[in-house]
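Computed from a predicted model, the values in this text were never measured in an experiment. Reminder, nothing fancy here: chain letters follow the sequence lines and each chain counts from 1.
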Amino acid sequence: MKYRERVAFKRAFIYFLCCLLIFISILSINVGSSGMTIGESVLTLFGKGSEKSRFIVWGIRLPRVMGGFFVGIGTALSGMIIQSSLNNPLASPSTLGISSASALGANIAIITLARIGIQASSAMTAAFAFASSILCMLLVLGISSLRRADKTTVILAGVALNSLFSAVTIIIQYFADETKLAAAVAWTFGDLGRINFREIAIVMAVSVVSSAVIYLYRWNLNAMDSGEHTAHSLGVNTKFMRNLSIFLAALNTGICVAFVGVIGFVGLLAPQITKRVIGEDKRFMIPGTLLMGAFLVLFSDTLARTIAAPLVLPVGAITSILGAPVFVYILLKER
Amino acid sequence: MDLIHVDRLNFKYNRYILKNISFDLTHGCFVSLLGINGAGKSTLLKNLVRILRPESGAVYINGEDIRGIGHKEMAKRIAYVSQHNIPIKNTVYDTILIGRLPHIGRDATHSDYGHVEYLIRKLGLEAFAMRDANTLSGGEFQKVILARALAQEPKILLLDEPTSSLDINNQAAVMRLVREYCEEKRISVIVSIHDINLALRYSDKFLLLKDGAIYDYGDASVITRQSIREVYQLDVEVLNHGNKKIIILN
Ligand SMILES: Nc1ncnc2c1ncn2[C@@H]1O[C@H](COP(=O)(O)OP(=O)(O)OP(=O)(O)O)[C@@H](O)[C@H]1O
Ligand SMILES: [Mg+2]
């Protein structure tokens, strides 16, 4: 039957994404303003090369690429979960204001704790970001369950929440350190340069475990796509699935934003592009979306470091430029 | 032992929708659930499949209270097709495959795919197996979600107005299909339906629901001029056509 060929194509696409990801990771490690050749960076990666190039590759570029990789996975996972639980292709952490809520939470942790003389630890920052993320998520779910709220209304509410939380974040930043307006920009447009190995470990653990859990429930998620009642009659514990989804989406958004800031639209783009190519079957859409998310972040970051070199642009600015037209396209098409 | 035993079931939203419902259903029996809009047909079916929880009373399957049955186990026994279905963005094949969910452990096996392909042939869906389900006509889509329910290999099939969006030809076709398939597999069926003649043509039993209470339950003898007048406020003529009854509006 033609079904087998379909499945083979989906598999092939996932392998293709893997290759693409390996390629962009290598490229990304090689790109930079220090003028090292490709050969030099590869040698350095394997422990050879000068003191200086070792520092550049291991201390600056590798954390950047690894951070981008797992942040991409976490953000794409959140996006996919949010889109399928709201059944809304325009929904994502950044378009619903959940990312900005997380950024606000992280800022509150860093700045208010600094006031009383404590330097907020990574875990503490992440916890604050997660708490605000889940609050915002519940707020959005509340809005979308209102009888009069159609898909566009929910997104409009998200736009309002997004502006609100970003504005409060900027104000907090402004009062905290008047000289560092750049820091506020870094929160709203994400910057992979800030992440350290400790934080990478947290993002990695959270995103990988969450992805594995979601993948374990791939059949149940497929059933949920046929509606809550149908899923229930197929033996899915729909209440549990809903709570699990909300929890994991909020957790991944919170953690990613806490360490790199808001990388907009990746959560929207990754699932949308993937499902347009290989369809909605979660057995393939889950790995496809995660790989796509990692690719989009690394690709955008590589671009961010090369187009205005030696200047490094914030990665979130690039993803937003890529994502906004797609958002408008979906908005017009879904009418 | 009866397959389904419903014991004094009451259900309420803000007022009582189902009142003191008790009935039994035997293996391989085809029941039509009749009643006007708002009589409580959908509500009753949702209570049987545990989408809604009764206020009081209980439902037993093979003597076992459904409150004690696990999610998956329940789905192996009862399949349910809702009156309102959201558009599905998956292929017909994948849509039917998801019906195998109660039987799938870690992943779908050859026997799951085999079953899906068997149903596709059995229901004559070969032509659109690879089409997106939301591009099908109402009648085609109805067959697909019927196939999804049958893929569960249930003992009991609950269908909420499966024929309401179909043309007259397809109405009979779907009913005949359900009748023949379920007779062959000895599946019991409860189908809510508005076309009384269609019900008379294919059912063994009739459950008449009026204002959330059972007006009558039994074989074709419960369909009389009197009962139709009481349940539907409708004046009809009941005729015998061969060994089947038909009704004609006066
Ligand atoms: N969520 C709800 N909240 C309050 N009342 C409800 C709800 N759902 C249904 N009802 C009411 O319950 C009653 C029975 O509804 P039900 O859907 O069971 O009727 P039905 O017999 O299936 O009708 P139809 O033939 O129109 O499908 C109706 O009066 C309806 O308004
Ligand atoms: Mg109904």
Measure distances from B:A133 to the heavy atoms of chain A and classify the residue's part below 4.5 Å as side chain, backbone, both or neither. neither

The interface call for B:I104 against chain A, heavy-atom contacts under 4.5 Å, is side chain

May I ask you to test the [X]-[Y] pair for a side-chain heavy-atom distance under 4.5 Å?
X: A:H229; Y: B:K46; result: yes
X: A:R6; Y: B:T91; result: yes
X: B:I98; Y: A:L234; result: yes
X: A:V236; Y: B:L101; result: yes

Residue selection (most heavy-atom pairs with chain A, distance under 4.5 Å) from B:L158, B:N90, B:T95, B:V49: B:N90

Salt bridge flag under 4.0 Å for residues A:R4 and B:E117: yes

Ignoring hydrogens and angles, tell me if any N or O in the side chain of A:H232 forms a donor-acceptor pair with the backbone of B:R50 under 3.5 Å. yes

Look at the side chain of B:Q152 and the backbone N and O of A:S233, then say whether any donor-acceptor pair between them is shorter than 3.5 Å. yes

Going from CG on A:D225 to CD1 on B:I88, what distance comes out if it is rounded to the nearest 0.5 angstrom? 9.0 Å

Parallel, tilted or perpendicular: which one describes the rings of B:Y93 and A:Y3, with boundaries at 30° and 60°? parallel

Those residues of residues 262-300 of chain A that come under 4.5 Å of chain B on a heavy-atom basis, listed by number, are A:E280, A:D281, A:R283

What are the two closest non-hydrogen atoms of A:G235 and B:A75, and how far apart are they? N-CB, 3.5 Å

Worked verdict on A:T230 versus B:R148 for side chain to side chain contact (heavy atoms under 4.5 Å, CB included): CA-CA 10 Å; A:T230 300; B:R148 181 179 66 202; 3.2 Å; yes

According to salt bridge (Lys or Arg N to Asp or Glu O under 4.0 Å), who are the partners of A:R242, at least two apart in sequence or on a separate chain? A:E228

Side chains of A:N87 and B:K89: is there a donor and an acceptor less than 3.5 Å apart? yes

B:D107 vs A:W219, test: side chain to side chain contact (heavy atoms under 4.5 Å, CB included). Steps then yes/no. CA-CA 8 Å; B:D107 227 327; A:W219 286 100; 3.2 Å; yes

What do you reckon, is OH of B:Y118 surrounded by more than 12 foreign heavy atoms closer than 6.0 Å? yes

